[in-house]
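What you see below is based on every heavy atom in this structure, not just the backbone, and it leaves out hydrogens, waters and symmetry mates.
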Amino acid sequence: MVFRNGLFLVFLALIFSCATQKSLGKNAKLVRITVSNAKPYCGGAAPTPDMQNPKMEVLPNYSLVLFIQNEDDTRGKEIKMVTTDNSGLLTFELPAGKYQLWKPSKLLSFEEFVKAESPDLGKDFEYKDKECFLAWKENPDFVFEVNSDTTLNLAYHLNCNTGSHPCLKYKGPIRQ
């Protein structure tokens, strides 16, 4: 008798868990985001018309943290860490709403963030002030809204000498 009741409870749990998954599946939208770097032409000679457009390079195995966006546009509840595949693509399902993607280092303490984002690059580089790092740390990398199945592009726009680092100044020789 105990075995039969236990089996019945397992059966009920299975039915309810499947119903819950199906209802989430009906409301979930497929989201695809290509993550890439937009690299400008950095040569010394005048660029050809083709070179004037940034070269897009996908970021394979690049991790970001996905959050719900609050009504006041601030970072809300963390959903999960997401990582691009070999072609720079993030793919996941979400219900309709507003979301944010954050570089994981931005979730560290301020001191840990500055340390993680301030490698010693030599005499040709220097870092801007604390306010620059605070502003960079407190802003999401990407904000998006999901209403239906969605395909988006997240492009980090690089500078010739400093890459995507907004608080880095290049003071070395200029390319000829």
Side-chain angles (χ1 to χ4, degrees), residues 30-70 72-92 94 97-146 150-176:
L30 181 63
V31 178
R32 291 183 209 94
I33 301 174
T34 301
V35 182
S36 59
N37 280 332
K39 296 180 84 172
Y41 172 72
C42 296
T48 65
D50 284 346
M51 294 174 170
Q52 290 178 345
N53 295 323
K55 181 180 176 189
M56 303 304 288
E57 291 183 356
V58 296
L59 296 174
N61 304 309
Y62 188 76
S63 294
L64 293 161
V65 185
L66 177 64
F67 286 87
I68 292 173
Q69 180 171 292
N70 290 328
D72 63 356
D73 296 338
T74 59
R75 182 174 65 215
K77 180 183 173 195
E78 180 178 335
I79 298 174
K80 64 180 176 178
M81 175 85 74
V82 292
T83 303
T84 60
D85 64 15
N86 287 336
S87 62
L89 184 66
L90 295 170
T91 305
F92 43 83
L94 294 170
K98 293 183 179 180
Y99 299 91
Q100 298 178 349
L101 288 170
W102 290 73
K103 190 174 182 179
S105 63
K106 291 182 175 184
L107 306 177
L108 300 171
S109 71
F110 180 73
E111 292 75 22
E112 292 172 314
F113 171 70
V114 170
K115 184 177 180 181
E117 297 295 339
S118 303
D120 182 9
L121 300 174
K123 64 179 177 55
D124 291 337
F125 296 91
E126 68 182 20
Y127 291 98
K128 296 180 184 176
D129 56 18
K130 180 179 180 179
E131 286 72 30
C132 181
F133 278 94
L134 283 169
W136 182 28
K137 182 183 185 321
E138 295 305 317
N139 286 296
D141 289 53
F142 194 56
V143 176
F144 62 99
E145 186 169 0
V146 175
T150 304
T151 301
L152 302 165
N153 292 305
L154 163 55
Y156 290 99
H157 293 274
L158 306 181
N159 293 312
C160 286
N161 296 307
T162 58
S164 63
H165 198 303
C167 301
L168 184 61
K169 288 192 262 185
Y170 178 72
K171 55 182 190 172
I174 296 175
R175 294 180 187 201
Q176 299 294 331

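Here the OH atom belonging to Tyr127 is positioned 12.5 Å from the NZ atom belonging to Lys169, to the nearest 0.5 angstrom. Atom CG of Asn86 and atom CG of Asn61 lie 5.5 Å apart (nearest 0.5 Å). The CH2 atom of Trp136 lies 4.5 Å from the NZ atom of Lys103; values are rounded to the nearest 0.5 Å. Atom-to-atom distance recorded for His165:NE2 and Cys132:SG is 8.0 Å, nearest 0.5 angstrom. In this structure, SG on Cys167 lies 10.0 Å from CD on Glu131, to the nearest 0.5 angstrom.
In this structure, the side chain of Asp85 engages the main chain of Gly88 through a donor-acceptor pair within 3.5 Å. Here the side chain of Lys106 pairs a donor or acceptor atom with the backbone of Asn139 at under 3.5 angstrom. Under a 3.5 Å cut-off, the side chain of Gln69 and the backbone N or O of Gly97 do not form any donor-acceptor pair. Asn70 contributes a side-chain N or O that, together with a main-chain N or O of Arg75, makes up a donor-acceptor pair within less than 3.5 Å. Lys39 places no side-chain N or O within 3.5 Å of a backbone atom of Leu158 that could act as its donor or acceptor partner.
Of all non-hydrogen atoms in Leu59 and Tyr62, the two that sit nearest each other are O-CB, 3.6 Å. Residues Pro166 and Lys128 share a closest heavy-atom pair of O-NZ, 3.3 Å. A pairwise comparison of heavy atoms in Ala46 and Tyr41 identifies C-CE2, 4.4 Å as the closest pair.
In summary, Lys137 and Glu117 do not engage in a salt bridge, as defined by a charged side-chain N under 4.0 Å from a carboxylate O.
For the pair Val58/Thr84, no side-chain contact is recorded, criterion being any heavy-atom separation below 4.5 Å from C-beta on. Residues Pro104 and Met81 meet the side-chain proximity criterion, which asks for heavy atoms closer than 4.5 Å. Using a 4.5 Å heavy-atom cutoff, the side chains of Phe67 and Leu107 are in contact. Counting only heavy atoms from C-beta outward, the side chains of Leu101 and Phe144 approach each other to under 4.5 Å. Residues Tyr156 and Glu57 have side chains not in contact (no heavy-atom distance under 4.5 Å, counting atoms from C-beta outward). Between Phe142 and Val35 there is no side-chain heavy-atom pair separated by less than 4.5 Å. Within the 4.5 Å cutoff, the side chain of Ser87 has no heavy atoms near those of the Thr34 side chain. Put simply, the side chain of Glu78 does not reach to within 4.5 Å of the side chain of Trp102, judged on heavy atoms.
Heavy-atom neighbours of Lys77 NZ from other residues, nucleotides or ligands within 6.0 Å: at or below the threshold of 12.
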As a quick check of understanding, evaluate side-chain hydrogen bond (donor to acceptor under 3.5 Å, both in side chains) for Asp72 and Thr74, giving each step before the final call. CA-CA 6 Å; Asp72 63 356; Thr74 59; 2.5 Å; yes
Go through Val143 and Lys98 one step at a time and tell me if the side chain to side chain contact (heavy atoms under 4.5 Å, CB included) criterion holds. CA-CA 7 Å; Val143 176; Lys98 293 183 179 180; 5.8 Å; no
I would like to know whether Leu154 and Leu64 meet side chain to side chain contact (heavy atoms under 4.5 Å, CB included); could you show each step before the answer? CA-CA 11 Å; Leu154 163 55; Leu64 293 161; 3.8 Å; yes
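Note: Phe110 and Phe133 have perpendicular aromatic rings, judged against thresholds of 30 and 60 degrees for the angle between ring planes.
The one candidate from Thr150, Ile79, Ile68, Leu30 that meets the side chain to side chain contact (heavy atoms under 4.5 Å, CB included) condition with Leu94 is Ile79.
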